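Worksheet: one structure, shown below.
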Amino acid sequence: MLLTREKKIIGLLIEHEDKLTTKQIADSLNVSSRTIKADIKKINEELEKHYCRINSQQGVGLWIEYNDVDAEKYLRRLITNESDSYLLPEIRKYHFAVELLFQENFISMELLAKEYYVSRATVVNDLAELDQFWSHFNLQFIKKVKYGIKVEGAESQIRSALIEALKKAGGKKKTEAANIQKHFENVDFNMLRKIINQVEGRFQFILTDASVEELVIALAVMIKRVSQGKVMDQSDTFPHTETRRMGFVLQYLKECIVETLGIKIPDEENTYLRICLSGLRFHVPMDKEKNLSDKRERNSEMFDFVIELLMECDRKFSLNMADDNELISALMDHLECMILRNNSKLYTYNPILEAIKKELFYEYEIASYFMSKFAARYNFKPKEDEIGFITFHMGTSIERMKQKKQQRFTVTILCMTGFGTSQFIKVKLGSYFPNLEIKQVLSATRVSEIKEEEQDFIIATVPVDLGQIPVIRVSPVLNEADIKKIQKYLLKSKDNEPKVKKCYGILRKFLHSEISILNCDLKSKEEVIKLLGGRLISQGYTDEKFIDSVFERENLSETAVGNLIAIPHAFEGHIKKQGIGMMTLKKPINWGNEKVQLIFMLSIDDESKEYIKEIFEDVLELTRDKKTVESIIKAKEYVDIFK
């Protein structure tokens with residue numbers, strides 16, 4: 001894998017017709033000639049795999065030689081892809097983590113510095129930021145003078161840490177195989193994908209694209225560790241409910257690896273493979289229960305508790321999710337996999353979490369409430385990424401409730417991310433456009449199956465060119481702009497236009513001057529919660545335990561929703577009187593990853609539950625209304641807000 005500077009060297013040689021000297025290239029890139037010579041040696045090791053190389057002649061200079069069109073295309077493609085994100089400090093440190101986790105012996109910081117073209121001080125600083133990472137996986141970071149550094153721990157924990165580090169090293173939004181291939185010189189990622197596809201075909205299930213890539217990484221880690229003589233510790237047991245079908249899939253996968261790669265996977269790896277397979281996400285599941293009775297039989301205790309929680313959510317939010325069999329089935333599949341991932345510390349990153357929290361924060365609030373109860377029962381702290389996935393299931397159910405009888409119009413959804421996004425888009429589209437018929441939902445890897453004559457257009461969450469077939473690109477959360485885009489393309493009737501709120505009537509209904517504080521000079525969200533919460537308590541809106549409950553909610557997931565707005569609140573209880581406390585700040589403060597200057601603190605309970613969704617909808621609309629937010633923040637008196 002080539003670094004950015006190495007690609008720039010290739011680019012300079014391609015762009016200049018005349019041959020360049022080493023000194024000319026070094027001056028252009030502001031490095032030494034010695035560094036350029038070392039780079040070229042490494043570059044040629046890569047280029048020769050593609051039948052091209054950099055040649056040199058003393059007194060003449062350097063030039064690139066290639067023999068065919070394919071080699072030229074490779075070079076052009078190479079220099080146009082300048083996205084070496086792993087060079088960024090927040091990415092690079094995880095490459096260091098991978099290097100250490102794969103090493104059995106001590107390794108010097110100087111060697112890491114040389115390999116990644118950074119200083120020893122940079123390596124020291126990056127490694128210092130990994131202390132929490134090692135601790136999270138119960139690993140020990142060892143540093144010895146004259147020996148170097150190494151990491152020690154149980155094999156299961158090393159693998160969990162490797163998988164997490166490789167995901168982060170591959171890139172935040174999507175793990176790029178090219179960015180982590182350097183750690184697997186003897187493992188062919190494409191061959192692993194073919195093996196996975198072979199297993200999918202044999203047992204008639206379909207993984208999401210993201211799960212395919214996760215499984216590729218997990219298998220690559222296993223294969224490399226086995227080749228290093230490292231197998232799972234026999235003490236690393238893991239509670240699981242394995243179906244007969246899962247056992248067949250596991251055995252067939254091992255046989256495919258032996259047949260294709262010539263690597264025998266010992267029986268000690270069965271536990272690891274069960275964890276990896278059980279924690280995956282599917283378009284078409286591996287085990288297909290015919291009805292909810294069969295699903296309940298698989299895990300009756302969890303099934304009954306999920307129904308109980310849905311009924312509780314229904315009472316709190318005035319919904320009817322407990323009667324939604326599709327939701328119950330989807331939640332059971334997801335929650336069982338989630339517990340497996342959580343117990344094994346094989347966490348799944350949600351690439352669209354921030355968009356979910358901002359565009360679907362009413363649904364996110366329901367999912368947060370559900371997950372807080374579920375996690376308490378099963379004794380773990382829920383991660384925001386998992387709450388985001390649950391949000392899609394909740395959102396799909398809510399949209400399904402709203403959906404009316406509809407006419408049909410043929411369309412295909414092309415969705416790469418999985419995690420319930422395609423189903424969410426499918427149902428939400430139906431509620432906005434009653435004449436849509438979703439012919440099929442495909443992952444990005446199955447574009448070739450799309451037939452032009454069988455649909456009118458494509459709705460895609462990934463960039464794709466399908467020639468004559470119209471493609472409408474949308475975000476996975478299907479926001480208001482996406483709805484308008486589809487409406488503009490397909491519909492001209494005003495009856496189908498999404499409704500836009502502008503008066504914020506429900507939000508204003510619950511605002512009161514006695515619980516509003518304007519132009520405060522506070523420095524942190526903790527100060528905001530204590531001061532505004534204290535005002536609600538003193539005015540008789542909440543009880544004394546309200547503030548502690550608000551902090552508990554914030555610890556689960558921060559309530560900043562974008563456009564300088566936050567909506568802190570308690571999950572349940574502690575409410576004496578209905579209202580919304582409002583605070584504006586002189587300057588924005590940090591609220592998690594967001595900046596906040598306008599705060600709405602909710603004192604709403606079951607007495608006004610019919611308004612909760614409308615309050616959230618008003619706040620969501622306000623996050624898109626910068627002019628009104630600016631006006632509220634500038635208001636000096638309560639009577640001036642919403643003018």
Side-chain angles (χ1 to χ4, degrees), residues 1-87 91-92 95-96 98-99 102-103 107 111-118 166 169-171 175-195 216-217 220 223-224 227-228 260-263:
M1 181 174 181
L2 299 179
L3 304 178
T4 298
R5 185 178 65 238
E6 294 160 352
K7 292 180 181 180
K8 287 181 177 179
I9 293 172
I10 295 172
L12 287 171
L13 292 172
I14 289 177
E15 292 167 6
H16 288 76
E17 294 183 4
D18 297 332
K19 296 177 176 61
L20 295 175
T21 65
T22 302
K23 186 177 185 308
Q24 286 175 319
I25 296 175
D27 291 344
S28 176
L29 300 179
N30 196 28
V31 295
S32 68
S33 295
R34 183 178 180 181
T35 297
I36 295 299
K37 290 178 181 178
D39 285 348
I40 290 173
K41 183 178 179 181
K42 182 184 174 186
I43 291 169
N44 274 335
E45 291 177 0
E46 183 66 27
L47 295 189
E48 286 173 355
K49 299 176 185 176
H50 301 273
Y51 306 102
C52 46
R53 66 173 284 110
I54 297 176
N55 284 332
S56 64
Q57 183 176 340
Q58 191 171 2
V60 177
L62 303 166
W63 70 95
I64 293 184
E65 278 191 357
Y66 49 88
N67 298 324
D68 55 29
V69 175
D70 288 340
E72 182 180 7
K73 286 181 179 178
Y74 162 75
L75 291 170
R76 294 290 180 186
R77 186 171 61 250
L78 189 67
I79 63 174
T80 55
N81 179 17
E82 294 277 337
S83 58
D84 291 311
S85 61
Y86 69 90
L87 291 175
I91 301 296
R92 184 180 57 226
H95 282 275
F96 291 160
V98 174
E99 298 277 3
F102 272 134
Q103 284 285 337
I107 183 173
L111 185 61
L112 286 175
K114 182 178 180 181
E115 182 178 350
Y116 286 86
Y117 294 91
V118 295
L166 285 162
T175 301
E176 295 288 350
N179 286 352
I180 60 175
Q181 182 69 66
K182 71 186 295 293
H183 298 292
F184 299 93
E185 294 179 358
N186 299 318
V187 180
D188 188 335
F189 281 16
N190 288 329
M191 193 61 69
L192 289 178
R193 291 188 188 95
K194 289 180 180 178
I195 289 174
V216 165
I217 293 173
I223 289 169
K224 183 163 181 175
S227 69
Q228 292 175 330
T260 306
L261 304 178
I263 300 171

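Computed from a predicted structure; not experimentally measured.
A search for side chain to side chain donor-acceptor pair (under 3.5 Å) contacts involving Glu45 returns nothing, not counting sequence neighbours. Asn190 is linked by a side chain to side chain contact (heavy atoms under 4.5 Å, CB included) to Asp188, Arg193, counting only residues two or more places apart in sequence or in another chain. A search for side chain to side chain contact (heavy atoms under 4.5 Å, CB included) contacts involving Ser33 returns Thr22, Lys23, Ala26, not counting sequence neighbours. Scored by the side chain to side chain donor-acceptor pair (under 3.5 Å) test, Thr260 finds no partners at all (sequence neighbours excluded). Under the side chain to side chain contact (heavy atoms under 4.5 Å, CB included) criterion, Leu29 pairs with Arg5, Lys8, Ile9, Leu12, Ile25, Val31, Ile36, not counting sequence neighbours. Considering only residues two or more places apart in sequence or on other chains, Phe184 meets the ring pair (Phe, Tyr, Trp, His ring centres under 6.0 Å) condition with Phe102, Phe189. Ser227 meets the side chain to side chain contact (heavy atoms under 4.5 Å, CB included) test with Lys224; sequence neighbours excluded.
Pairs engaging residues 52-64 under the salt bridge (Lys or Arg N to Asp or Glu O under 4.0 Å) rule: Glu48-Arg53 [sequence neighbours left out].
Here SG of Cys52 is found 7.5 Å from CD1 of Ile10. Values are rounded to the nearest 0.5 Å. Rounding to the nearest 0.5 Å gives a distance of 7.0 Å between NE2 of His95 and NZ of Lys182. Remark: Leu62 CG to Asn55 CG distance equals 9.0 Å, nearest 0.5 Å. Distance CG/Leu13 to CD/Glu65: 12.0 Å, rounded to 0.5 Å. Note that NZ of Lys7 and CD1 of Ile43 are 11.0 Å apart. Values are rounded to the nearest 0.5 Å.
A donor-acceptor pair under 3.5 Å is absent between the side-chain atoms of Asp39 and the main chain of Glu6, judged by distance alone. Glu99 contributes no side-chain N or O that, together with a main-chain N or O of His183, makes up a donor-acceptor pair within less than 3.5 Å.
Looking at every heavy atom in both residues, Ala220 comes nearest to Val187 through CB-CG1, 4.0 Å. Leu261 and Ile223 make their closest contact through CD1-CD1, 3.7 Å (heavy atoms, listed as atom of the first residue, atom of the second, distance).
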